[in-house]
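All residue numbers refer to positions in the sequence shown, counting from 1.
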Amino acid sequence: MPAIDHYTGCLKALNRPAVFVAVGLIAVPAAGMLYLRHLHKKLSKKTIHALGETGPYRHQRPVNMPARASASDALVITDCFQIRVPTKVLPPLGMRDMLTTYLRASLSGFARLPQGYIFQLQNKDKQHTQGFTRNGIQTLDFQVGDLILGMYEVIRRDDAVGQVELGFGQGNHVRGAMILSIQSDGFETTFSTQSIMWDAVDFTTKRLPLANRVVRYWHELTAMWLLVVGTRALGVNI
């Protein structure tokens, strides 16, 4: 049949290395996407997606957020992931030491991810700061003013409530905060990562990275993974 003969002739015209390269270009990204989907599903079973919304901000405002973010027409992207564990499985540490240990493990883990390397490239002028590298993050006490990867700044720490706020910004528009917290009722301890992003100029979402579905998916994967990394550093088998 002419069509089949033509197709067979095209295949024969390709040398084997070219075929292997072509197959590889298709197979490697496909395998990567399958792995990420598997990892997302696995992490979703270990964590709780406690909050996901876009609209006026109705929660505790981080230090760097203006009151305008709570206006009726403001669009602020907010999400929160949590892990809850029995308090009895945690080491007998005070809140200050537990929070510091958790943050060192979680955020030094972040430094190993692609986003961490990108932030280092974007903020080379901050490479003299203590928290610019993974090893440096592992020695941070996370006091107000400390920088992580030259991007995130500690803008608030309250050991009485087990909470640290990290602020960040990109260009004239993108602003955000992460609120990392540990809260216990005596029987159960909740580890939370709340991520917040807004446009400092017009409070729309069109310029916000988290409005992009692919970026949002990667963000969720990262947030869940870092919760697991941080709690494992405290001896939690999860």
Side-chain angles (χ1 to χ4, degrees), residues 39-65 69-70 76-113 131 134 137-146 148 152-168 176-197 210 219-238:
L39 184 59
H40 193 284
K41 185 176 181 179
K42 184 177 180 180
L43 291 171
S44 295
K45 294 179 180 179
K46 298 176 182 291
T47 60
I48 301 166
H49 193 186
L51 178 66
E53 62 187 27
T54 300
Y57 191 73
R58 303 301 188 195
H59 313 282
Q60 173 192 321
R61 283 211 316 267
V63 172
N64 64 336
M65 176 181 278
S70 298
V76 177
I77 297 176
T78 309
D79 70 25
C80 181
F81 288 88
Q82 297 178 339
I83 283 180
R84 296 172 186 167
V85 302
T87 301
K88 64 182 180 181
V89 306
L90 295 170
L93 298 173
M95 180 54 74
R96 179 178 181 80
D97 289 340
M98 184 176 295
L99 187 56
T100 298
T101 300
Y102 171 77
L103 291 172
R104 285 176 176 175
S106 183
L107 294 175
S108 65
F110 182 78
R112 296 165 49 196
L113 299 179
R134 182 188 176 201
I137 294 170
Q138 291 174 335
T139 66
L140 274 183
D141 289 326
F142 301 96
Q143 299 300 313
V144 172
D146 283 346
I148 295 94
Y152 297 101
E153 180 182 358
V154 179
I155 55 177
R156 178 176 175 267
R157 175 166 183 156
D158 189 342
D159 292 320
V161 297
Q163 192 172 92
V164 166
E165 293 179 5
L166 307 179
F168 64 91
M178 283 200 301
I179 302 177
L180 304 127
S181 64
I182 303 175
Q183 297 178 318
S184 177
D185 62 7
F187 300 98
E188 187 176 62
T189 297
T190 301
F191 296 82
S192 300
T193 298
Q194 183 179 345
S195 301
I196 313 156
M197 187 176 285
L210 286 182
H219 160 77
E220 291 179 358
L221 189 64
T222 301
M224 292 187 291
W225 183 75
L226 293 178
L227 275 168
V228 171
V229 168
T231 50
R232 281 181 176 171
L234 293 169
V236 178
N237 185 17
I238 189 170

Practice item. Please name the pair of heavy atoms, one in L166 and one in V164, separated by the smallest distance, quoted to 0.1 Å. Key: CD2-CG1, 3.9 Å
Study note, to complete from the structure: Output for pair (R156 CZ, I179 CD1), nearest 0.5 Å, gives 8.0 Å
Practice item. State, to 0.1 Å, how close R104 and D141 come at their nearest heavy-atom pair, and which atoms those are. Key: NH2-OD1, 2.9 Å
Point to revise | Flag side-chain contact, heavy atom, 4.5 Å: L221 against W225 | key: no
Check your understanding: If you look at every heavy atom in K46 and I83, which pair is closest and at what distance?
Key -> O-CG1, 3.6 Å
Check your understanding: Side chain of R232, backbone of A105: donor and acceptor closer than 3.5 Å?
Key -> no
Review point. Side chain to side chain contact (heavy atoms under 4.5 Å, CB included) between V85 and F191: does it pass, once the steps are laid out?
Key: CA-CA 8 Å; V85 302; F191 296 82; 3.8 Å; yes
Point to revise | Rounded distance [0.5 Å steps], CG in L140 versus CD in Q138 | key: 10.0 Å
Exercise for review: To the nearest 0.5 Å, tell me how far Q163 CD sits from L99 CG.
Suggested key: 9.0 Å
Check your understanding: Where do E53 and H59 land on the side chain to side chain contact (heavy atoms under 4.5 Å, CB included) test, with the steps shown first?
Key -> CA-CA 11 Å; E53 62 187 27; H59 313 282; 2.8 Å; yes
**Study point:** Any L107 side-chain heavy atom under 4.5 Å of F142 side chain
**Key:** yes
Review point. Are the side chains of T47 and E220 in touch, meaning some heavy atoms are under 4.5 Å apart?
Key: no
Check your understanding: Measuring from T189:OG1 to M98:CE, what's the distance to the nearest 0.5 Å?
Key -> 6.5 Å
Review point. In terms of heavy-atom contacts, does CG of N237 have more than 12 from other residues, nucleotides or ligands at under 6.0 Å?
Key: no
Check your understanding: Hey, does L234 have a side-chain heavy atom less than 4.5 Å from the side chain of P91?
Key -> yes
Check your understanding: Under a 4.5 Å cut-off applied to non-hydrogen side-chain atoms, are N64 and F168 in contact?
Key -> no
Exercise for review: Enter the distance from I196:CD1 to T78:OG1 here, rounded to the nearest 0.5 Å.
Suggested key: 5.5 Å
Study note, to complete from the structure: What one should report as the nearest heavy-atom pair of I137 and A111 is CD1-CB, 4.0 Å
Practice item. Look at the side chain of T87 and the backbone N and O of E188, then say whether any donor-acceptor pair between them is shorter than 3.5 Å. Key: yes
Exercise for review: Taking all heavy atoms of E165 and all of V63, pick out the closest pair and write down the distance.
Suggested key: OE1-N, 2.9 Å
Practice item. Would you mind reporting whether V154 and I148 have side-chain heavy atoms less than 4.5 Å apart? Key: yes
Review point. For Q60 and Q194, does a side-chain donor sit closer than 3.5 Å to a side-chain acceptor?
Key: no
Review point. Is it true that a side-chain atom of D97 and a backbone atom of G94 form a donor plus acceptor pair closer than 3.5 Å?
Key: no
Review point. Which heavy atom of R157 sits nearest a heavy atom of R96, and at what distance?
Key: NH2-O, 3.1 Å
Review point. Between the side chain of H49 and the main-chain N/O of L51, is any donor-acceptor distance below 3.5 Å?
Key: yes
Check your understanding: Is the closest side-chain heavy-atom distance between L226 and Y102 below 4.5 Å?
Key -> no
Review point. Roughly how far, to the nearest 0.5 Å, is the OG atom of S192 from the CD atom of Q82?
Key: 3.5 Å
Exercise for review: State, yes or no, whether a side-chain contact exists between R112 and R134 at a heavy-atom distance under 4.5 Å.
Suggested key: yes
Exercise for review: Taking S70 for its side chain and Y57 for its backbone only, find out whether a donor-acceptor pair lies under 3.5 Å.
Suggested key: yes
